[in-house]
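Structure first, commentary second.
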Amino acid sequence: MSHHPFDETTEATLRKRQSVKWAHYPSDVLPAWVAEMDYPLAEPIRRVLRTALDENDCGYADPSSLGAAFTPWAKAQWGWDVGVHDVHVACDVVTGIAEVLRVVTAPGDSVVIEPPVYPPFAATILHLGRKVASAPLLLRDSGYEPDLEAIERAYAGGARAHLLCSPQNPTGMVYSEAALGRIADLADAYGVWVLADEIHGALALPGAIHRPFPTVSRAAARRAIVLTSASKAWNIAGLKAAVLVACSDEARDALARLPVDTANHAGHLGILGSCAAYREGAAWLASTVTILNRNRALLGELLREHLPGVRWIPQQAGYLAWLDCTGLGLGPDPALAFCTRGKIALSHGPTFGREGAGFVRLNLATTRSLLEEAIRRMARVTA
Ligand SMILES: Cc1ncc(COP(=O)(O)O)c(C=O)c1O
């Protein structure tokens, strides 16, 4: 399987990183958990950050440039027409979700999620005094799908908002256009806000097409607020900047009710890095998608050879592999045994909802040799 320049990165180099992925566990544990990538930064991003440091330029952000960088990118990437004044800024996607929920729902309202799903969704809803309405994903022979009937039941039951994880974390599912269209029609009929977290959208892998929710139909545009960031696709989560996008007067009114200083909480380096990503980061992103696609195929081979008891539906986007380990006899939270006995740190399935019992989430955004080592360590636990 083809060599990629990012494969040159060594474990010794990565162990110098101080971000949580590499800093959290002792040095005998290989980290493959939190969603950070092990690749070198895109050169245009490195350049703007270096200049800022050289100029002692670490003050508050001027968020006004992000919309102008994001909109041509969205048009080129997805044919998505976004007005520059319809791009709002927040410090990160999760904070943006919380701020939007505060203005479009009231305490006690229900908010739909589709577990297994990114753990901060439920945590944020509950922290705000809203209720979680669960519409778990379905697993069909063809892969994961949203349960449209369960979504309609939740909407009919009074839900006011839906946190749509599109593409989905942890399964890597890309919602079909038909499913998004149906969700939009239902949301329009029941007056539900769809907060579409599309942070993994730029990492759609060959074979899948990510559709920004508002592009699906007029109903979708009416009900949607999209939240996204360069942080995931360009691996700059520590810099802090995200965008919130409105595509209808209804959504514009909602975003106009955000606290006035929301944008000012973005990080200065985050705004600089995100603008560089959107303006000049296409080549790096294409290269990253190439290695992620290679690693997805490699993971399939490695699992077949070393962990045949693990079931996996390959992700359609992103770099997270949702591994069904229920056949291994490692209990409801296999990440515990993998970490203590295998010295490989994975994300704990049950944190994604009760549907995650017996699962782990593996981060495959690493080099070939570290992915091979991760699977060797997992296999050791099952031997
Ligand atoms: C679906 C999803 N949303 C949001 C985030 C975090 O985004 P941010 O750091 O901008 O809050 C992640 C991180 O992995 C994610 O997977």
Side-chain angles (χ1 to χ4, degrees), residues 1-54 58 92 199-200 202-203 205 229-241 267 269-270 272-274 276-277 280-299 301-302 306 315 318-321 335 338-339 342-347 360-380:
M1 225 172 259
S2 56
H3 180 79
H4 189 284
F6 293 170
D7 286 324
E8 307 288 332
T9 305
T10 64
E11 183 176 346
T13 304
L14 292 165
R15 292 227 176 255
K16 292 184 197 154
R17 291 191 182 181
Q18 299 173 72
S19 64
V20 70
K21 180 180 183 187
W22 285 92
H24 184 71
Y25 288 95
S27 59
D28 61 340
V29 173
L30 181 66
W33 59 299
V34 67
E36 297 178 17
M37 297 194 271
D38 290 344
Y39 305 138
L41 278 182
E43 200 48 47
I45 297 178
R46 189 196 311 278
R47 213 165 35 234
V48 295
L49 298 180
R50 219 176 239 152
T51 303
L53 296 182
D54 289 347
C58 285
D92 58 33
I199 198 167
H200 297 274
L203 292 173
L205 299 180
S229 170
S231 65
K232 203 60 41 190
W234 282 274
N235 206 31
I236 50 174
L239 303 183
K240 294 291 168 193
L269 300 182
L272 297 179
S274 303
E280 302 174 79
W284 185 92
L285 183 64
S287 184
T288 296
V289 166
T290 300
I291 191 171
L292 297 180
N293 190 39
R294 195 280 314 267
N295 279 3
R296 178 173 63 168
L298 177 60
L299 179 63
E301 288 183 8
L302 292 168
H306 301 288
Q315 80 274 20
Y319 52 83
L320 305 169
F338 284 125
C339 191
K343 302 291 179 196
I344 168 81
L346 304 162
S347 298
V360 297
R361 193 192 71 178
L362 167 77
N363 176 344
L364 53 70
T366 191
T367 63
R368 169 203 289 273
S369 69
L370 289 178
L371 183 55
E372 288 168 348
E373 176 61 15
I375 300 304
R376 257 195 302 276
R377 289 181 185 220
M378 288 177 71
R380 214 183 288 152

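What you see below is based on every heavy atom in this structure, not just the backbone, and it leaves out hydrogens, waters and symmetry mates. Residues: numbered from 1 along the sequence shown.
Partners of T290 by side chain to side chain contact (heavy atoms under 4.5 Å, CB included), not counting sequence neighbours, listed by chain and number: H4. Residues forming a ring pair (Phe, Tyr, Trp, His ring centres under 6.0 Å) with H306 (at least two apart in sequence, or on another chain): none.
Using a 4.0 Å cut-off between charged nitrogen and carboxylate oxygen, R377 and E373 count as a salt-bridge pair. A salt bridge is defined here as a Lys NZ or Arg NE, NH1 or NH2 lying under 4.0 Å from an Asp or Glu carboxylate O, and R47 with E43 fails to meet this definition.
Considering only heavy atoms from C-beta on, Y319 stays 4.5 Å or farther from N295 through its side chain. A heavy-atom distance below 4.5 Å is not found between the side chains of C339 and L346. L269 has its side chain within reach of L272: a pair of non-hydrogen atoms, C-beta onward, lies under 4.5 Å apart. A heavy-atom distance below 4.5 Å is found between the side chains of W234 and L285. Between E11 and L370 the shortest side-chain heavy-atom distance falls below 4.5 Å. With a 4.5 Å cut-off on side-chain heavy atoms, V20 and E36 count as touching.
Residues P40 and W284 share a closest heavy-atom pair of O-NE1, 3.0 Å. Residue F6 comes nearest to T288 through the heavy atom pair CE1-OG1, 3.4 Å, listed as atom of the first residue, atom of the second, then distance. When every heavy atom of I45 is checked against every heavy atom of A277, the shortest pair comes out as CD1-CB, 3.9 Å. Taking every heavy atom of both residues into account, L205 and G318 meet most closely at CD1-O, 3.6 Å. Contact record, W22 with R17: CB-O, 3.9 Å, taken as the closest heavy-atom pair. When every heavy atom of I199 is checked against every heavy atom of S231, the shortest pair comes out as CD1-OG, 3.6 Å.
Rounding to the nearest 0.5 Å places CZ of R46 at 12.5 Å from CD1 of I236.
Checked against I375 for a side-chain contact (heavy atoms from CB on, under 4.5 Å), the options L362, I344, L364 give a single hit: L362. Of the candidates T367, L371, T366, T367 is the only one forming a side-chain contact (heavy atoms from CB on, under 4.5 Å) with D7.
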Could you go through E372 and R368, starting from their C-alpha distance and side-chain angles, then the distance that decides it, and tell me whether this counts as salt bridge (Lys or Arg N to Asp or Glu O under 4.0 Å)? CA-CA 6 Å; E372 288 168 348; R368 169 203 289 273; 3.8 Å; yes
Show me, pair by pair, the donor-acceptor contacts under 3.5 angstrom made by side chains of residues 27-35, not counting sequence neighbours?
| residue | atom | partner | partner atom | Å |
| --- | --- | --- | --- | --- |
| W33 | NE1 | K21 | O | 3.2 |

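Remark: side-chain polar atoms of S287 are not paired, donor with acceptor, to backbone N or O of A283 under 3.5 angstrom. Using modelled atom types, no side-chain atom of N235 and backbone atom of D38 make a donor-acceptor pair closer than 3.5 Å.
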